[in-house]
Amino acid sequence: MTNELSIDETHDLLQRHGRLLQSVCGDGIALQQTLRAHDAVIGGSTAVLYFYPHADFLPFNTDIFVPEDLCDSLLEFFTDQGYVVESDSVGPTFEPVPPATKSSISLYGAGTARIVHLHGDSKDINVYATTGAATEPLTYAWSTLLMSYVCADGACCPYPSLSTIGRGLFHNARILNTSFARRNEPLPINKYCEGRGFELGAHPTSWFKLPQGPTPCDRGWSCPLTPRHFGDGGCLNVCFTPAALDPFQSAWVFGGIDEVVHEQY
């Protein structure tokens with residue numbers, strides 16, 4: 001698929017952007033200004049729905065990522081909007097792993113210094129204070145679906161050929177690693193596949209097998225071993241203003257699969 005947007009597609013995404021901000025906070029314009037001033041992004045299932053609005057579920061909370069030194073100011077905005085802080089805890093103590101380590105990256109939650117849960121009348125918000133750019137923890141997500149984000153003046157989907165049709169890669173080591181948050185809930189891979197109707201695979205060839213066997217891996221943008229960064233040529237970059245995505249240039253190699261995949265496929 002091409003990552004070039006038509007005028008109609010851009011207009012639709014702009015309208016969708018406004019509705020998303022208003023769903024998080026009644027004063028969508030004020031939220032937009034706040035996200036812009038704090039170099040913050042909206043991630044999680046809210047961003048998933050932005051790029052795949054056909055999904056049959058509504059997120060019960062919103063995840064917002066903000067640099068650690070701007071977190072308190074962002075929280076003040078939400079408490080002024082009527083949200084109440086229910087918990088404030090220290091994030092995982094894992095240091096980010098350099099992207100060049102490829103498939104050995106397995107720690108989930110690296111780059112998060114603090115997690116604050118806020119309760120509102122209609123929706124809860126999880127604020128993640130990040131040790132680097134707001135997008136850094138997204139690069140350690142257990143699925144590529146959850147690497148998309150929405151910012152004040154745009155949005156970015158790093159795996160559009162998958163995410164926009166309800167598909168994503170998963171990183172099994174991150175799900176099973178002890179760093180993954182444990183709750184009395186089904187594994188997230190089951191929640192997204194069985195409960196929300198998404199399709200998940202370890203490699204793009206999961207969906208493109210020929211009668212005579214798997215198709216070759218072209219080592220393209222969707223290969224989990226391809227070095228990536230937000231805003232690169234493989235992303236669907238939605239910019240409503242110039243330089244909208246400039247503060248969010250985190251890099252990664254998704255991993256989750258061994259280099260032998262290029263020999264098998």
Shortest non-hydrogen contact between Leu146 and Gly44, atoms and distance: CD2-C, 3.8 Å

Centroid separation under 6.0 Å, is that true for the rings of Phe230 and Trp252? yes

Give, for atom NE2 of His117 and atom CD of Glu86, the distance between the pair rounded to the nearest 0.5 Å. 4.5 Å

Arg16 to Tyr50, cation-pi by 6.0 Å centre distance and 45° axis angle: yes

Could you check if a side-chain atom of Thr144 sits within less than 4.5 angstrom of a side-chain atom of Pro158, using non-hydrogen atoms only? no

Between Phe51 and Ala155 the two heavy atoms that sit nearest each other are CZ-CB, 3.6 Å

If we only count heavy atoms from C-beta on, is the Cys151 to Cys156 side-chain gap below 4.5 Å? no

Chi angles and distances behind the side chain to side chain contact (heavy atoms under 4.5 Å, CB included) call for Thr34, Phe78: CA-CA 10 Å; Thr34 300; Phe78 283 111; 5.8 Å; no

Phe198: which residues meet the ring pair (Phe, Tyr, Trp, His ring centres under 6.0 Å) condition with it, sequence neighbours left out? Tyr52, Tyr192

Please tell me whether Phe240 and His17 form a close aromatic pair, meaning their ring centres lie under 6.0 Å apart. yes

Show your working on side chain to side chain contact (heavy atoms under 4.5 Å, CB included) between Thr130 and Val66 and close with a plain yes or no. CA-CA 6 Å; Thr130 63; Val66 61; over 6 Å; no

Do His38 and Ser73 get their side chains close enough for a donor-acceptor pair, meaning under 3.5 Å? yes

Could you check whether Thr139 and Ser250, counting side-chain N and O atoms only, form a donor-acceptor pair closer than 3.5 Å? no

Using side-chain heavy atoms (C-beta onward) and a distance below 4.5 Å, is Arg228 in contact with Tyr159? yes

Quick one: does Thr135's side chain get under 4.5 Å of Gln249's, heavy atoms only? no

Any idea which heavy atoms bring Phe248 and Ala40 closest together, and the distance? CZ-O, 4.0 Å

Keeping the roles fixed (side chain from Gln32, backbone from Ala152), state whether a donor-acceptor pair exists under 3.5 Å. yes

